[in-house]
Number of protein chains: 2
Amino acid sequence: MERLFGSVTIKINDKIYVKDPQSSDLGKRIIEQSILMINDIGFEGFTFKKLGNQIGSNESSIYRYFENKHKLLLYLTSWYWGWLEYQLVFATNSIADSSEKLKKAIEIVTRPTVEDSAFSYINEVLLNNIVINEYSKSYLTKEIDSENKEGYFVIYKRMIERFNEMISAVDSEYKYPSSLASTILEGSLHQYFLKDHFPTLTDCHEKGDATKYFTDLVFHTLRTK
Amino acid sequence: MERLFGSVTIKINDKIYVKDPQSSDLGKRIIEQSILMINDIGFEGFTFKKLGNQIGSNESSIYRYFENKHKLLLYLTSWYWGWLEYQLVFATNSIADSSEKLKKAIEIVTRPTVEDSAFSYINEVLLNNIVINEYSKSYLTKEIDSENKEGYFVIYKRMIERFNEMISAVDSEYKYPSSLASTILEGSLHQYFLKDHFPTLTDCHEKGDATKYFTDLVFHTLRTK
DNA sequence: GCAAATATAATAGTAATACTATCAATGTGT
DNA sequence: ACACATTGATAGTATTACTATTATATTTGC
């Protein structure tokens, strides 16, 4: 995907990191390689020590960027949602018709991820996999309420809010726009998970099926003018 | 809720435990107190050592019932799904009309949990909380495929399959019955989670809202005869 | 009622994890 | 050349997630 402006950066809440990984070479390698590694061995098996070995750096150096691996996961997933939000806004901004706009929005968030060459050290396809397999671990914790207060989940919440508005623009009478919005976002991740591990629990096996499923669901539920 | 037969037991895949906790007093205390404790301090903070202290028993004794805390979580959540499945089948079995049947089924799985006096050592309300907050951690692991093969998730899968069938009975043309079934089950847990921690991301704030939301969603999507 | 079997408790030990602290080496700007 | 920031290396700690062994109750079978 081509970008209008030379360098778009995804802005992440600076409380998530100790030192901005985008600000140095080591920081970028931490991000790049942690994506490969978490994708490979899973978040549970992932440690800063292993990451240090892989990038030829030291455990203690990684701690200068992130307090712990939980924060690193928050960083990666925030980045993903920020990236997806950018695509969402970019693709839907110019659409006047509210139904078409919502349709496009659903497509953006339910379609399979493709690599974006604009961010060379981030593999979006693998990052999407991480989001599918690990995102809920980032909020299913005892610290959720305080971390939410700190604003660690703002991007995700803003995305749901955008959907909320698009849904209400299509049908202002609909009583559950936020619930529907969150069902689309979480539900889409879940359908991709099921496809890989519980294939009998989903009908979304082919490319495009998830988009069709959620589009069908939403447009049967809403009353379009 | 009253039970027809004096002692219904929820049958759990015996590969999940080393020794059946239902078979002894200590076993039941492990289940009872682990529910209280996981609910209280979360699955991450929960250890067999702490549990041992709380029940006045020894860490090593708990290991004779469960290989590790992951297996214990699988046991608890399997029990929950088995319990819910029993209620589902019990409540919908006698309903002839397929739409009414599905409506009832949605109600059963989306309504707030109430305590069931038939299982004295299990607090279903807290267990439901655990399922909301921890269930996905039981399958979002690198071992998912082998554990699935071992049948650790059969009850959950059977529940989705039951929904699948009820959906297809209402609308045999509908193309995504499994996806819709899994959306209802996972989505319902998620709406309850949002209500407590991200209230702006859901519209299900009052008792009964989740049932209304999903009933509305499903019956707008399906073509009823 | 007693021996045998079984269940539970107590203790110790291990490798790995998730850090913190300290200090040395290297590079960068002025 | 000197200050300062960055990174690397090493060591150390508390906790976790176990395993192993032995001791002590408790149950049961005869």
Side-chain angles (χ1 to χ4, degrees), chain A residues 14-34 37-38 40-76 121 134 137-138 140-143 146-147, chain B residues 14-34 37-38 40-76 121 134 137-138 140-143 146-147:
Chain A
D14 59 16
K15 285 176 193 150
I16 289 180
Y17 48 78
V18 181
K19 176 178 173 169
D20 185 0
Q22 300 197 60
S23 72
S24 76
D25 189 65
L26 177 60
K28 284 174 194 160
R29 268 189 300 143
I30 289 172
I31 299 305
E32 180 181 31
Q33 295 297 315
S34 66
M37 215 170 173
I38 294 173
D40 205 38
I41 63 176
F43 186 65
E44 276 55 59
F46 170 81
T47 70
F48 281 0
K49 192 166 198 176
K50 290 178 190 167
L51 179 62
N53 280 336
Q54 189 157 74
I55 65 183
S57 177
N58 197 276
E59 200 187 355
S60 60
S61 302
I62 300 167
Y63 276 103
R64 292 210 187 78
Y65 285 84
F66 294 100
E67 276 176 61
N68 50 51
K69 68 176 185 171
H70 169 69
K71 290 280 180 82
L72 171 57
L73 180 62
L74 285 174
Y75 184 90
L76 295 177
Y121 61 98
E134 324 285 359
K137 295 173 195 166
S138 77
L140 295 177
T141 68
K142 279 286 159 186
E143 294 74 36
S146 62
E147 294 193 346
Chain B
D14 60 16
K15 285 177 196 150
I16 289 180
Y17 48 77
V18 182
K19 177 179 169 168
D20 185 0
Q22 299 197 64
S23 71
S24 77
D25 191 63
L26 177 61
K28 285 174 193 160
R29 269 188 299 144
I30 289 172
I31 299 304
E32 179 181 30
Q33 297 295 317
S34 66
M37 215 170 173
I38 294 173
D40 206 38
I41 63 176
F43 186 64
E44 274 58 56
F46 170 82
T47 69
F48 281 0
K49 192 167 197 173
K50 290 179 190 167
L51 180 62
N53 280 336
Q54 188 157 77
I55 65 182
S57 177
N58 196 276
E59 199 188 356
S60 61
S61 303
I62 299 165
Y63 276 103
R64 291 215 187 73
Y65 286 84
F66 294 101
E67 276 176 62
N68 49 51
K69 68 175 184 171
H70 169 69
K71 289 279 180 82
L72 172 55
L73 180 62
L74 285 175
Y75 183 91
L76 295 178
Y121 62 98
E134 324 285 359
K137 295 172 195 166
S138 77
L140 295 177
T141 68
K142 278 286 158 186
E143 293 75 37
S146 62
E147 294 193 345

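Residue numbers start from 1 in every chain, and the chains themselves are labelled A, B, ... in the order their sequence lines are given, proteins ahead of strands.
Here B:Tyr63 lies in heavy-atom contact (under 4.0 Å) with a base.
Side chain of B:Lys69 to backbone of B:Phe46: a donor-acceptor contact under 3.5 angstrom is found. Not a single donor-acceptor pair under 3.5 Å links the side chain of B:Gln33 to the backbone N or O of B:Ile55. Under a 3.5 Å cut-off, the side chain of A:Lys137 and the backbone N or O of B:Leu140 do form a donor-acceptor pair. At distances below 3.5 Å, not a single donor-acceptor pair connects side-chain atoms of B:Lys142 with backbone N or O atoms of A:Glu44.
Checked by atom type, the side-chain pair A:Glu147/A:His70 shows a donor-acceptor distance below 3.5 Å.
Proximity of B:Ile41 to B:Lys50: side-chain heavy atoms (C-beta onward) are separated by under 4.5 Å at one or more points.
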Apply the test side-chain contact (heavy atoms from CB on, under 4.5 Å) to residues B:Glu67 and B:Val18: give CA-CA distance (whole Å), side-chain angles for both, the deciding distance (0.1 Å), then the verdict.
CA-CA 7 Å; B:Glu67 276 176 62; B:Val18 182; 4.0 Å; yes
Given the rule in the side-chain contact (heavy atoms from CB on, under 4.5 Å) test, do A:Ile30 and A:Tyr121 qualify, once you have shown the distances and angles that lead to the verdict?
CA-CA 10 Å; A:Ile30 289 172; A:Tyr121 61 98; over 6 Å; no
List the steps, then state whether side-chain contact (heavy atoms from CB on, under 4.5 Å) holds for B:Phe66 with B:Leu73.
CA-CA 10 Å; B:Phe66 294 101; B:Leu73 180 62; over 6 Å; no
Dump the intermediate steps for side chain to side chain donor-acceptor pair (under 3.5 Å) on B:Tyr65 and B:Ser24, then the final yes or no.
CA-CA 10 Å; B:Tyr65 286 84; B:Ser24 77; 2.5 Å; yes
Verdict with supporting geometry, A:Ile62 and A:Leu26, side-chain contact (heavy atoms from CB on, under 4.5 Å):
CA-CA 9 Å; A:Ile62 300 167; A:Leu26 177 60; 5.9 Å; no
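C:dA9 atom P lies 12 Å from atom CG of B:Leu51, rounded to whole Å. In this structure, B:Asn53 atom CG and C:dA9 atom P are separated by 12 Å, rounded to whole Å. One can place NZ of B:Lys50 at 13 Å from C1' of D:dA17, the figure rounded to the nearest angstrom. Rounded to whole Å, atom C1' of C:dT6 lies 16 Å from atom CG of B:Asp20. The interatomic distance linking B:Leu73 (CG) with D:dA17 (P) rounds to 13 Å, in whole Å. Remark: C1' of D:dC18 and NZ of B:Lys69 are 12 Å apart, rounded to the nearest angstrom. Distance CD1 (A:Ile62) to P (C:dA21): 18 Å, rounded to an integer number of Å. Rounded to an integer number of Å, the gap from CZ of B:Phe48 to P of D:dT19 is 11 Å.
In this structure, the nucleotide among D:dT6, D:dT19, C:dA7 sitting nearest to the side chain of B:Lys19 is C:dA7.
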Any protein N or O atoms within reach of nucleotides 25-30 of chain C? Criterion: under 3.5 Å, listing atom names and distances.
none

Can you tabulate the close N/O pairs, meaning under 3.5 Å, that link protein atoms to atoms of nucleotides 8-15 of chain D?
from: D:dG8; atom 1: OP2; to: A:Ser57; atom 2: OG; distance (Å): 2.3
from: D:dG8; atom 1: OP2; to: A:Ser61; atom 2: OG; distance (Å): 3.1
from: D:dG8; atom 1: O6; to: A:Arg64; atom 2: NH2; distance (Å): 2.9
from: D:dA9; atom 1: N6; to: A:Ser60; atom 2: OG; distance (Å): 3.3

Under 3.5 Å, which N/O atoms of the protein pair with N/O atoms of nucleotides 14-16 of chain C?
none

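Smallest separation of non-hydrogen atoms from A:Ser34 and A:Leu51: N-CD1, 3.7 Å.
Distances shorter than 4.0 Å separate none of the side-chain N or O atoms of A:Lys49 from OP1 or OP2 on C:dA18. One finds a side-chain N or O of A:Tyr65 lying less than 4.0 angstrom from the OP1 or OP2 phosphate oxygen of D:dT7.
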